[in-house]
**Student:** 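Got a structure for you, questions after.
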Amino acid sequence: MTVYLVGAGPGDPDLLTLKAVKILNKADVVIYDRLANEKILDHAPQAELIYVGKKAGEHYKNQNEINQILINAAKNYNMVVRLKGGDPFVFGRGGEEMLALLEEGIVVDIIPGVTSAVGVPTSVGLPVTHRGVATSLTIVTGHEDPTKSEKQVKWDFKADTIIILMGVGRLEDNTHELMKYKDPKTPVCVIEQGTMPDQRIITGTLENISQKNINPPALVIIGSVVDIFKKARL
Ligand SMILES: C[S@@+](CC[C@H](N)C(=O)[O-])C[C@H]1O[C@@H](n2cnc3c(N)ncnc32)[C@H](O)[C@@H]1O
């Protein structure tokens, strides 16, 4: 009984790692939530598939319920795969699942995935660091848990490049906060559905990006590296 926490990458099924493919191939059960591309499940032809994501009109499983499903699966199956978009430990709650399993004495193995935070900009030719332009990078959630007693995100980042995940719903508020510390003309690039056939790229500045029509899932990349991307596209 081993649970493999496996990163599924940002969407394009060809961005799965070889190790993930090998493990999926041998899996007895795959527990997954909303995946950018369900073709990834074709790598687990003999596995039972358990969906734990949101479904219209149905109760959405909370993290404790998902942890319990993983624990039960580990007790009943030999090879359990918990498949997660991108990398399991980048805003994926993989750390919480790992700790819950370890507390039950269950063996956990973690297979990293290509995180959307870096993989998506890279795939379009937007370098998140660039010699002489950006030497540091912050990856932040745009949707901090509203039940937290105190906010951890202050938006006064010093890094040259800022990448916001889950940033569509509160883009206006978050860019407003950032403009307290950064030039309103700072370039911004939004990539919707990165690495997927419906990918869209929208560019603007901190002061106007929230006025553009943007739909999730999307990454928001802020900083002078966006100009490198624009130069490369010319
Ligand atoms: C809950 S987080 C999970 C991140 C994931 N663990 C990772 O490493 O990429 C979901 C957010 O990741 C970003 N995201 C994931 N896949 C994406 C894609 N293909 N294109 C753009 N953004 C994506 C979006 O900001 C989305 O709201």
Side-chain angles (χ1 to χ4, degrees), residues 4-17 19-20 30-41 51-54 60-63 66-67 70 81-98 110-126 128 137-148 152-153 155 161-175 178 188-204 209-210 212-223 225-226 229:
Y4 294 85
L5 296 179
V6 178
D12 177 351
D14 285 351
L15 290 173
L16 212 54
T17 66
K19 197 162 183 177
V30 178
I31 297 159
Y32 67 103
D33 31 40
R34 194 156 37 104
L35 286 175
N37 199 321
E38 294 208 352
K39 275 191 194 146
I40 288 169
L41 296 171
Y51 178 73
V52 293
K54 283 185 193 171
Y60 159 53
K61 300 216 171 359
N62 67 34
Q63 192 60 51
I66 294 173
N67 292 353
L70 292 175
V81 170
R82 171 65 171 125
L83 193 60
K84 292 176 147 309
D87 182 274
F89 283 179
V90 179
F91 296 119
R93 306 196 73 170
E96 290 161 73
E97 294 178 4
M98 172 184 72
I110 300 127
I111 317 303
V114 175
T115 178
S116 63
V118 176
V120 165
T122 293
S123 72
V124 301
L126 195 166
V128 295
L137 167 70
T138 286
I139 299 172
V140 63
T141 173
H143 190 93
E144 198 176 8
D145 181 354
T147 62
K148 273 189 193 167
Q152 273 176 273
V153 182
W155 298 102
T161 306
I162 298 166
I163 298 183
I164 311 178
L165 274 74
M166 296 167 279
V168 177
R170 298 197 187 151
L171 190 55
E172 190 168 2
D173 289 348
N174 294 340
T175 47
L178 280 167
V188 180
C189 178
V190 175
I191 308 172
E192 276 179 20
Q193 302 272 6
T195 78
M196 298 294 291
D198 294 339
Q199 174 174 284
R200 273 183 74 225
I201 303 179
I202 304 116
T203 55
I209 197 72
S210 67
K212 308 205 177 193
N213 172 32
I214 293 166
N215 298 295
L219 274 188
V220 182
I221 303 124
I222 299 161
V225 286
V226 172
F229 161 71

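First listed ligand is number 1; within each ligand, the first listed atom is number 1.
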**Student:** If the threshold is 4.0 Å, N to carboxylate O, is there a salt bridge linking Glu97 and Arg93?
**Tutor:** no
**Student:** Answer yes or no: is there an ion pair linking Asp12 with Lys39, defined by an N-O contact shorter than 4.0 Å?
**Tutor:** no
**Student:** Counting C-beta onward and ignoring hydrogens, is there a side-chain heavy-atom pair between Ile222 and Leu178 closer than 4.5 Å?
**Tutor:** yes
**Student:** Could you list each N/O atom of ligand 1 together with any protein N/O atom closer than 3.5 Å, one pair per line with the distance?
**Tutor:**
unit_1   : atom_1 : unit_2 : atom_2 : d
ligand 1 : 6 (N)  : Gly85  : O      : 2.9
ligand 1 : 6 (N)  : Asp87  : O      : 2.9
ligand 1 : 6 (N)  : Val90  : O      : 2.7
ligand 1 : 8 (O)  : Asp87  : N      : 2.9
ligand 1 : 8 (O)  : Thr115 : OG1    : 2.7
ligand 1 : 9 (O)  : Thr115 : OG1    : 3.4
ligand 1 : 9 (O)  : Ser116 : N      : 2.9
ligand 1 : 9 (O)  : Ser116 : OG     : 2.7
ligand 1 : 14 (N) : Ser116 : OG     : 3.3
ligand 1 : 19 (N) : Pro10  : O      : 2.8
ligand 1 : 19 (N) : Gly194 : N      : 3.4
ligand 1 : 19 (N) : Gly194 : O      : 3.0
ligand 1 : 20 (N) : Gly194 : N      : 2.8
ligand 1 : 25 (O) : Met166 : N      : 2.8
ligand 1 : 25 (O) : Ala218 : O      : 2.7
ligand 1 : 27 (O) : Met166 : N      : 3.4

**Student:** Taking the side chain as every heavy atom from C-beta outward, state whether Glu192 and Pro217 have any pair of such atoms under 4.5 Å apart.
**Tutor:** no
**Student:** With a 4.5 Å heavy-atom cut-off, do Leu165 and Ile139 have their side chains touching?
**Tutor:** yes
**Student:** Nearest 0.5 Å, please: how far is CG in Leu171 from NZ in Lys212?
**Tutor:** 11.5 Å
